[in-house]
Amino acid sequence: MAVKTFPMNDAYVGAPEKKYTLFMLMLGFIALMVGTLFGPLQSFNYGGLDLYPFLKPVFQSYYQGLTLHGVLNAIIFTQLFGQAIMVYLPARELGLKPNMTLAWVSFWMALIGLLIAALPLLGNAASVLYTFYPPLQAHWAFYVGAAIFVLSSYVSIYLALDMWARWKKANPGKITPLATYMSVTYWLMWLLASLGLVVEALFLIAWSLGLVAGVDPLLMRTLFWYTGHPIVYFWLLPAYALAYTTLPRLAGGKLVSDPLSRLVFLLFLLFSVPVGFHHQFADPGIAPYWKMIHTILTMMVAVPSLITAFTIAASLEVAGRANGGKGILGWITALPWNNPTVLAFLLGFLAFIPGGAGGMVNASFNLNQNVHNTVWIPGHFHLQVGTLVTMAAMGTAFWLIPHLTGKPLVARGLALASQWLWFLGMFIMTFALHWMGFLYAVPRRSHISGSPVAMEAFRDSAAWMVLNIVSGVILLIAAILFFYVIYATALQSRREPSQVMAEVPFSEVISKPEGSSLALLTERVWFWFGIAVVLVVLAYGPVLFQMFTNMNPVPGQRLW
Amino acid sequence: MEHNEHILERYERAWIFFGLAMITVFIILIGYMMLTMGNTNPVGAGRIDATKVRTEGNFANPRVEQVGNEYVAYVQGFSFGYLPAEMKFKAGRKVTFYITSPDVQHGFQVENTNINVQVIPGEIAKLSYTFEKPGEYRIICNEYCGIGHANMISKLIVEP
């Protein structure tokens, strides 16, 4: 029998959006891989072990490595994952194709932006970390590249809204299907949330090109955090969308409530943005009552996550009982822990619980004083974005890459091992970081292993430092296993469409949206978007107006 | 199934109520503690030309001044250290810090206290604190400020 190998393109005839999704996803995972390889170096740093001297010919400093780690993992990977998932899910759910020309425009914008920003990053001309606070001044190419990259997400906003509008036109009066509803609210939230970063980028580009002599550091911080907090929901919501729309089915159950899931995304649309001052509690120049208002609004954003905890746990219980689990806790052991996707979500959500509790501490105006800018903070967000968001992406890749390519998952055992090790490594590391920050005031993103002064100052935390080294090794192994699995899957020549999921595993729901007054209320998306805009204007308007009309520019510095 | 759904909705409502109640309690506690238990969150005490911090005004002469029974400290956080290089206070007396930066952003965290300031060029941060326990307190820069950031650790001394 003659074996015929199909040319690459044939696999995607009739489904070009699969190819687009695959490219976005894999570009994201390549960014994640490069960024993640720097992770253990940061762990070792907080264990007092400095490996940067060995990298000297290529990477000049810890701060260059840390900038690459933060930019690639937190900005590049997360956005590309959102652009893949939150366009593909509605496309499949509605049975529509996104505008493919624009879809590829968004891919090329992301890639070109990434490459432009990569040059100064790799050349040590932009070692300003992923917060790039002025007056530290990077090479202009860093800001220009990052801006092109972020603007590519605006094309994705259009892609999702366009599909939604086409569906609405063909189905007047019907309630938007759930995954599409999540995608629409997600992209509208990002449209509102990203404005801060876009305006900041305009200032920074002009400043780095020498068109203006200085920028106001406090205004830039404020614009940064205007986007900088909601951006965490921009990272998180694709994971939530997958947890709501696919996890119950993958675990063998049903989603308990469709209307409540809509409410969650609506609350994120409303409360994600007007909360940024909780990153600026320690800043002079913003009045305490404004900070208190943002404290209250930040606490409100906990509500949709609390509802999510209930809905996902209840849906998993339904799954566990359907699988034969009995008793109060028997349903937990009855869940399919041997499915690498389900495993990744279960462990991710487990880590998310202490992460959320820590987030409440950070959001508390007074308690934040004890943890602001200590390693408690990276401890916190590695439980959130480093564990749940990343594990949701890794777990989803285990079925999505086979689904998109028709190539079955290879080395399922290694996929399972990678998730257990990732969870274990992150848990150990974040545990150590929380205590080191809270008890010993060890500062975040500080090259302590290269500084005898710092090592002497923080010697009391030596026991916790050992945990950082251990976690760095575990996470490195986890990362190697994971990337081996996905690249071996994607690059194999074997296509076995019968062995992969032909469709996205959308979950059935128990409590349906039809006839639900809550679902009807949430369906008025543009009305709620208007309310979100009003909330932002109220919570930010007066402060930003005053800052814009009283700018105090400071010249740039390069101190690395 | 119908029966289960009903129970589930009741639990769901109870959980949301619990969540909202918890958040309300937290917000009230934060407000109450900030009003009654002393508050070390820095506030703005005016603005300054960052390029002239080293040459003009109070910060050109970083110092600790004793005013009656209290202290006023004018502090510069710069890349990579603090001025005055050493500060001394008597325990039990109120200290009011004014802090700014002549170059880039820094941190000013005093270990084992609630003092934690984002030092921003162009802005003057102000906060008051009373050191009750004598001893040496490290001052730690917790905002990335360049290649020497990790070395930016100083100390202040509280005398009995």
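Letters A, B, ... are given to chains in the order of the sequence lines, protein chains preceding strands, and every chain is numbered from 1. Only this structure's heavy atoms are used, side chains among them; waters, hydrogens and symmetry mates stay out.
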Does [Y] offer a backbone N or O that forms a donor-acceptor pair with the side chain of [X] under 3.5 Å?
{"X": "A/N552", "Y": "B/I48", "result": "yes"}
{"X": "B/R138", "Y": "A/A457", "result": "yes"}
{"X": "B/N114", "Y": "A/Q369", "result": "no"}
{"X": "A/D283", "Y": "B/Q118", "result": "no"}
{"X": "B/R47", "Y": "A/G285", "result": "no"}

Check each atom of [X] against the heavy atoms of chain B and say whether the ones under 4.5 Å are side chain, backbone, both or neither.
{"X": "A/R558", "value": "neither"}
{"X": "A/Q64", "value": "neither"}
{"X": "A/M455", "value": "neither"}
{"X": "A/N550", "value": "both"}
{"X": "A/V303", "value": "both"}
{"X": "A/F438", "value": "neither"}
{"X": "A/S364", "value": "both"}

Would you say the side chain of [Y] lies within less than 4.5 Å of the side chain of [X], judging by non-hydrogen atoms?
{"X": "B/I16", "Y": "A/I307", "result": "yes"}
{"X": "A/L136", "Y": "B/Y144", "result": "yes"}
{"X": "B/N41", "Y": "A/P288", "result": "no"}

By a 4.5 Å heavy-atom criterion (distance strictly below it), what part of [X] contacts chain A: side chain, backbone, both, or neither?
{"X": "B/F80", "answer": "side chain"}
{"X": "B/I124", "answer": "backbone"}
{"X": "B/F26", "answer": "side chain"}
{"X": "B/Q105", "answer": "both"}
{"X": "B/I27", "answer": "both"}
{"X": "B/M22", "answer": "side chain"}
{"X": "B/I30", "answer": "both"}

Atom [atom1] of [X]: over 12 foreign heavy atoms under 6.0 Å:
{"X": "A/W435", "atom1": "CH2", "answer": "no"}
{"X": "B/E86", "atom1": "CD", "answer": "yes"}
{"X": "A/Q546", "atom1": "CD", "answer": "no"}

Give the member of [options] that has the highest number of heavy-atom pairs under 4.5 Å with chain B.
{"options": "A/N370, A/V375, A/L66", "value": "A/N370"}
{"options": "A/Y63, A/F281, A/W560", "value": "A/Y63"}
{"options": "A/P217, A/A302, A/P553", "value": "A/P217"}
{"options": "A/G556, A/S446, A/A309", "value": "A/S446"}
{"options": "A/M292, A/M300, A/Q280, A/H372", "value": "A/H372"}
{"options": "A/P134, A/P443, A/P135, A/S257", "value": "A/P135"}

Worksheet item: Could you go step by step and tell me if A/T374 and B/Q109 meet the side-chain contact (heavy atoms from CB on, under 4.5 Å) rule?
Response: CA-CA 9 Å; A/T374 68; B/Q109 180 174 14; 3.5 Å; yes
Enter the distance from [X]:[atom1] to [Y]:[atom2] here, rounded to the nearest 0.5 Å.
{"X": "A/L439", "Y": "B/E111", "atom1": "CG", "atom2": "CD", "answer": "12.0 Å"}
{"X": "A/Y133", "Y": "B/I120", "atom1": "OH", "atom2": "CD1", "answer": "9.0 Å"}
{"X": "A/S61", "Y": "B/I147", "atom1": "OG", "atom2": "CD1", "answer": "4.0 Å"}
{"X": "A/N366", "Y": "B/T40", "atom1": "CG", "atom2": "OG1", "answer": "9.0 Å"}
{"X": "A/L559", "Y": "B/F78", "atom1": "CG", "atom2": "CZ", "answer": "12.0 Å"}
{"X": "A/T311", "Y": "B/W15", "atom1": "OG1", "atom2": "CH2", "answer": "10.5 Å"}

Worksheet, complete the sentence: Heavy-atom nearest pair, A/A454 first then B/A150, reads CB-O, 3.6 Å
Discussion item. For a quick test of reading the model, state the closest non-hydrogen atom pair linking B/P121 to A/V554 and the distance between them.
Written reply: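 That closest heavy-atom pairing would be O-CG2, 4.0 Å.
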Item to complete: Give a yes or no on whether a salt bridge exists between A/R444 and B/E143, defined as a side-chain N under 4.0 angstrom from a carboxylate O.
Response: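 No, A/R444 and B/E143 are not salt-bridged.
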Discussion item. At a heavy-atom distance under 4.5 Å, which candidate from B/D103, B/V117, B/T51 has the highest pair count against chain A?
Written reply: B/D103
Worksheet item: Among B/G46, B/G44, B/G19, which has the most heavy-atom pairs under 4.5 Å with chain A?
Response: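 Top count of heavy-atom pairs under 4.5 Å with chain A: B/G44.
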Discussion item. Using the rule given for side-chain contact (heavy atoms from CB on, under 4.5 Å), can you reason through A/Y440 versus B/I140, listing the C-alpha separation, both sets of side-chain angles and the distance that settles it, and then say yes or no?
Written reply: CA-CA 11 Å; A/Y440 303 102; B/I140 299 156; over 6 Å; no
